[in-house]
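Residue indices begin at 1 and follow the sequence shown. The basis for the numbers below is simple: all heavy atoms, side chains too, and nothing from hydrogens, waters or symmetry mates.
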Amino acid sequence: MPTDVAHGWCGLVGTIIEAYQRKERIMSQWAYKVVYIDYRGRISCEGQETLIGDQERRSAFARRYMNELGKENWELVSLQPLTSNSAYYIFKRPAQEGDYAEEQPATSAEQPQAQPTSENPASGPTIENA
């Protein structure tokens with residue numbers, strides 16, 4: 001076998017092994033989703049609100065939402081009641097590419113700025129106004 005072909009074959013095998021190992025690492029992890037369900041007609045998850053449809057029954061509303069999660073391979077693993085009308089539902093699924101998006105650090109405009117004090121005008125505790 002010529003040297004170039006041997007090196008090419010080894011490189012391909014190495015790439016396949018790396019891809020398999022990466023997949024194994026991802027598949028051995030879990031991704032979680034926390035969903036707030038208010039049985040009176042509102043579901044909130046990751047900043048997205050879902051409202052009950054006109055004339056839709058409460059049980060059908062919750063089932064419709066959870067069936068959509070099931071289609072995405074989310075499995076209900078826990079329920080934390082909050083009130084008689086609401087609860088947190090916790091779902092999990094094997095981790096997939098994109099499930100662990102890194103959080104973006106806050107920009108300087110989003111971070112509270114320290115207010116100067118009379119003793120030290122350049123530094124001091126952060127004062128937050130409501």
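Between I43 and D38, the closest side-chain pair of non-hydrogen atoms is not below 4.5 Å. Contact annotation: the side chain of Y39 never approaches that of S84 to less than 4.5 Å [non-hydrogen atoms, C-beta and beyond]. Residues Y36 and S86 meet the side-chain proximity criterion, which asks for heavy atoms closer than 4.5 Å. At a threshold of 4.5 Å between non-hydrogen side-chain atoms, the residues Y89 and V34 do not count as touching.
Counting non-hydrogen atoms of neighbouring residues, nucleotides and ligands closer than 6.0 angstrom, the OH atom of Y88 reaches no more than 12 such neighbours.
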Check residues 66-79 and write down every donor-acceptor pair under 3.5 Å in which the side-chain atom is one partner and the other belongs to a residue at least two apart or another chain.
from: N67; atom 1: ND2; to: R63; atom 2: O; distance (Å): 3.4
from: E68; atom 1: OE2; to: K71; atom 2: NZ; distance (Å): 3.3

Output a table of donor-acceptor pairs, distance under 3.5 Å, between side-chain atoms of residues 48-55 and any protein atom two or more places apart or on a different chain; print 'none' if there are none.
from: E49; atom 1: OE1; to: R42; atom 2: NH1; distance (Å): 3.0
from: E49; atom 1: OE2; to: R42; atom 2: NH1; distance (Å): 3.4
from: E49; atom 1: OE2; to: S44; atom 2: OG; distance (Å): 3.1

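Closest of all the heavy-atom pairs between P81 and A87 is CA-CB, 3.7 Å.
Checking K33, R93, Q29 one by one against D99, the side chain to side chain contact (heavy atoms under 4.5 Å, CB included) holds for a single residue, R93.
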